[in-house]
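Letters go in sequence order (proteins before strands), and every chain restarts at 1.
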Amino acid sequence: MSVLLYTENWEGKFKKLTFELASYASGVAEMLGTGVTAVSIGSVDDQELKKLGEYGVGKILKADNEATGQFDTGVYAKIIADAADKENAEIIIMANNNAGKAIAPRLSVRLKAGVASAVSELPVSVSPFFIKKRVFSGNAVAGTEIKTEKKIVTLSQNSFDLAEKPADIIIENFDAAAGGPSGNIEVREVERQSGKLLLTDAEIVVSGGRGMKSPDNWGPIEEFAKLLGGATACSRPVSDEGWRPHEEHTGQTGKIIAPNLYFAIGISGATQHLAGISASKVIVAINNDKDAPIFDAAQYGIVGDASKVLPKLVEALKEAKSA
Amino acid sequence: MNILVCISQVPDTTTKVKFTENNTKLDTGGIQWVINPWDELSLTRALELKDDPSSGVQKVSVAHVGPASNEATIRKALAIGADDAYRVDTDALDAYQVAAQLAELVKTGSFDIILCGIESSDYNGSNVGGMLAEFLDYTSVSGISQLEISEGKAIVNREIDGGKESLAVSLPFVGIVQKGIAKEPRIAAMRGIMMARKKPINVTAAKDIAPLTEVKEFEPPKPRPACKFVDPDNPAELIELLQNEAKVI
Ligand SMILES: Cc1cc2nc3c(=O)[nH]c(=O)nc-3n(C[C@H](O)[C@H](O)[C@H](O)COP(=O)(O)OP(=O)(O)OC[C@H]3O[C@@H](n4cnc5c(N)ncnc54)[C@H](O)[C@@H]3O)c2cc1C
Ligand SMILES: Nc1ncnc2c1ncn2[C@@H]1O[C@H](COP(=O)(O)O)[C@@H](O)[C@H]1O
């Protein structure tokens, strides 16, 4: 019996999310009295793989062959299912991101394993397997029992603290019996924004709404985000208007994020917006309407005109940084 | 070419969700049920394609797993423009059970493109589409923000972390859609509402398939502390609080 972790890589590299997952998997393994095996698909060098050992992963199955070059969810699910069989894994853990959301359901059917998705805490108990997950767009939490022998859990990004737990690590080549690529998918074009901090990875997010009045007023938002080492975001009407790119839209129909700090500037705080950001650890609202619902969700607030408050805030931050 | 759009119904997003029976059941009193937002957008896109003769799309159907009391939601989809509807007669118990029922339905029909939403805004599972594809052994592409048809293939854009890919996918396939697939959801016109009354809803009996998961109890999310207001003329105080009290910068 073991816990199996699927570790996605980004051009051969891991990121903080990977180590959050490893920390989480170690926590689950401890509850079960077992260890963590990771399965890595695609080309990642051993030095990078070894980093998983810092967070309690004891073994890595390295699947790197012609079938793994292209992201075909059916093929990936097969490889992970093979790894789960080989390791006799009872619990399989992956991220609740684009890749995880695409793979987990296919894997579930393949292994007849129940899934709990968008989880942010360790299970309450492992036998029976009882775990909490967010439902109704963050308006409630559901205590869910997974009744099958095998279980799949997808973890929300930035919801679980890193826990260092150095372990000796074994790396094994894993010749997944997945066969070649399915041939059903042909990649025609790839567009990558390289070098930009992804909204989903950012620990600090500065977000603007319709109260910013015009796309020309985004300068201070960008400057503020940059000074904080964060990313910029926006409400849906702002992206619908084309003021900002659609990747920045947060909320029920946009990105769901959980940064440590979220600034909502000129955003009213509609339930659909909150659905995407309510898991943020600290929310700061700047709004000229003291009754705006965003203040019910915020921990800190400034009632005032964003066009006046924001530049002052930028100055105050610069001063604090130089002090 | 035929498209099947899988629709779930969810409480209108502005509904305050409440629970009964010791927080074990959703209190359905006062809930406005709507078509899950992504499914509405998938349906819109499917109809746009059908409107364009060069796409080759002849028919757009919708499928729903749920009891007869959900037929109002199915009628809405018909009023928006779907040609016909399928309902599998059972309560939806979990994503696995729903996907298994949908798979049985798909096997009996002839659908080239099956569309599901990236998630239902109630249980936020993000599971049915991928599960359905695996039951059928079809290719699935998740996170689709654009769908065209060309030379018998689906041309889709999928979002990947930090970018997007354009793919040509052989049919049949399951497309799991997100934002961008259509701009605004199409709404039913009077004529559509009249016509919907005459369109067929094909009801099939459910297969005996057990769910893999069960929600035992609900909890409201943890309350947040009351907002601390800072003087707009003294933003330095906010910076100080974020540094020393909240310790987030
Ligand atoms: C099915 C569905 C899904 C949706 N999904 C999303 C989603 O994912 N994300 C999302 O964001 N929305 C979503 N919405 C839309 C949502 O309901 C709101 O309409 C939207 O969030 C409002 O955006 P906003 O706060 O920027 O604009 P507004 O509601 O117009 O609010 C602007 C705010 O700025 C304040 N303001 C004005 N001037 C100033 C100033 N000078 N200084 C400071 N403050 C000022 C105002 O007091 C107000 O609170 C969805 C809606 C539906 C129906
Ligand atoms: N009861 C249902 N009947 C038909 N389709 C459904 C049902 N539940 C979910 N779906 C489809 O699966 C998608 C994702 O749902 P979920 O996995 O529940 O988040 C939805 O957008 C629908 O397309």
- Message: Tell me whether K133(A) contacts the main-chain N or O of Y123(B) through its side chain, where contact means a donor paired with an acceptor under 3.5 Å.
- Response: yes

- Note on the structure: Contact list (residues 168-180 of chain B to chain A, heavy-atom gap under 4.5 Å, by number) returns A168(B), V169(B), S170(B), K179(B)

- R224(B) side chain to S278(A) main-chain N or O, any donor-acceptor pair under 3.5 Å? yes

- Query: If contact means a heavy atom pair closer than 4.5 Å, which residues of residues 233-249 of chain B contact chain A?
  - Reply: D233(B), P235(B), A236(B), L238(B), I239(B), L241(B), L242(B), Q243(B), E245(B), A246(B), V248(B), I249(B)

- Message: For S117(A) versus G125(B), what's the shortest heavy-atom pair and its separation?
- Response: OG-O, 2.9 Å

- Is there a side-chain contact between V303(A) and P232(B), using heavy atoms and a 4.5 Å cut-off? no

- Region of P37(B) in contact with chain A, defined by heavy-atom distances below 4.5 Å: side chain

- Task: Kindly give the heavy-atom pair with the smallest separation between T253(A) and W38(B), and that separation in Å.
- Result: CA-CZ2, 3.6 Å

- Message: When you measure from the side chain of T213(B) to the backbone of G114(A), do you find a donor-acceptor pair of N or O atoms at a distance under 3.5 Å?
- Response: no

- Task: Over all heavy atoms of both residues, which pair between R106(A) and T139(B) is shortest? Give the atoms and the distance, please.
- Result: NH1-C, 3.8 Å

- For Y96(B) against S108(A), the heavy-atom pair lying closest together: CD1-OG, 4.2 Å

- Side chains of T13(B) and T271(A): do they bring a donor and an acceptor to under 3.5 Å? no

- Query: With chain A, which of V141(B), V17(B), V10(B) has the greatest number of heavy-atom pairs at distances under 4.5 Å?
  - Reply: V17(B)

- Can we call the ring centroids of Y300(A) and F229(B) under 6.0 Å apart? no

- To the nearest 0.5 angstrom, please state how far the CG atom of D94(B) sits from the OG1 atom of T144(A). 10.0 Å

- Yes or no on side-chain contact (heavy atoms from CB on, under 4.5 Å) for D296(A) and C227(B), after CA distance, side-chain angles and deciding distance? CA-CA 7 Å; D296(A) 297 333; C227(B) 184; over 6 Å; no

- Message: At a 4.5 Å cut-off on heavy atoms, which part of L41(B) comes close to chain A: side chain, backbone, both, or neither?
- Response: neither

- Interface check, chain B: of G143(A), A297(A), A316(A), most non-hydrogen pairs under 4.5 Å belong to G143(A)

- Query: For K308(A), does the NZ atom have more than 12 heavy-atom neighbours from other residues, nucleotides or ligands under 6.0 Å away?
  - Reply: no

- Query: Would you say the side-chain atoms of N139(A) pair up with the backbone N or O of P220(B), donor to acceptor, closer than 3.5 Å?
  - Reply: no

- Task: Quick one: pull up CD1 in I185(A) and NZ in K153(B) and give me the separation to the nearest 0.5 Å.
- Result: 10.5 Å

- Message: Quick check for you: among K132(A), E247(A), K281(A), which has the greatest number of heavy-atom pairs under 4.5 Å with chain B?
- Response: K132(A)

- Task: Specify which of S142(B), S121(B), A99(B) makes the most heavy-atom pairs with chain A at under 4.5 Å.
- Result: S121(B)

- chain A-proximal positions within residues 26-33 of chain B [heavy-atom distance under 4.5 Å]: L26(B)

- Does the side chain of E189(A) come within less than 4.5 Å of N157(B)'s, by heavy atoms? no

- Item | Test side chain to side chain donor-acceptor pair (under 3.5 Å) applied to S140(B) and N184(A), D72(A), T73(A), the passing residue | T73(A)

- Task: Name all residues meeting the side-chain hydrogen bond (donor to acceptor under 3.5 Å, both in side chains) criterion together with K196(A); count only those two or more places apart in sequence or in a different chain, and write none if there are none.
- Result: none

- Side chain from CB out, backbone as N, CA, C, O: work out which of these in P223(B) comes under 4.5 Å of a heavy atom of chain A, or both, or neither. neither

- Task: Give the intermediate values and the outcome of side-chain contact (heavy atoms from CB on, under 4.5 Å) for residues F71(A) and R158(B).
- Result: CA-CA 11 Å; F71(A) 184 53; R158(B) 98 168 135 196; 3.7 Å; yes

- Task: Measure distances from E319(A) to the heavy atoms of chain B and classify the residue's part below 4.5 Å as side chain, backbone, both or neither.
- Result: neither

- Message: At a 4.5 Å cut-off on heavy atoms, which part of K16(B) comes close to chain A: side chain, backbone, both, or neither?
- Response: neither

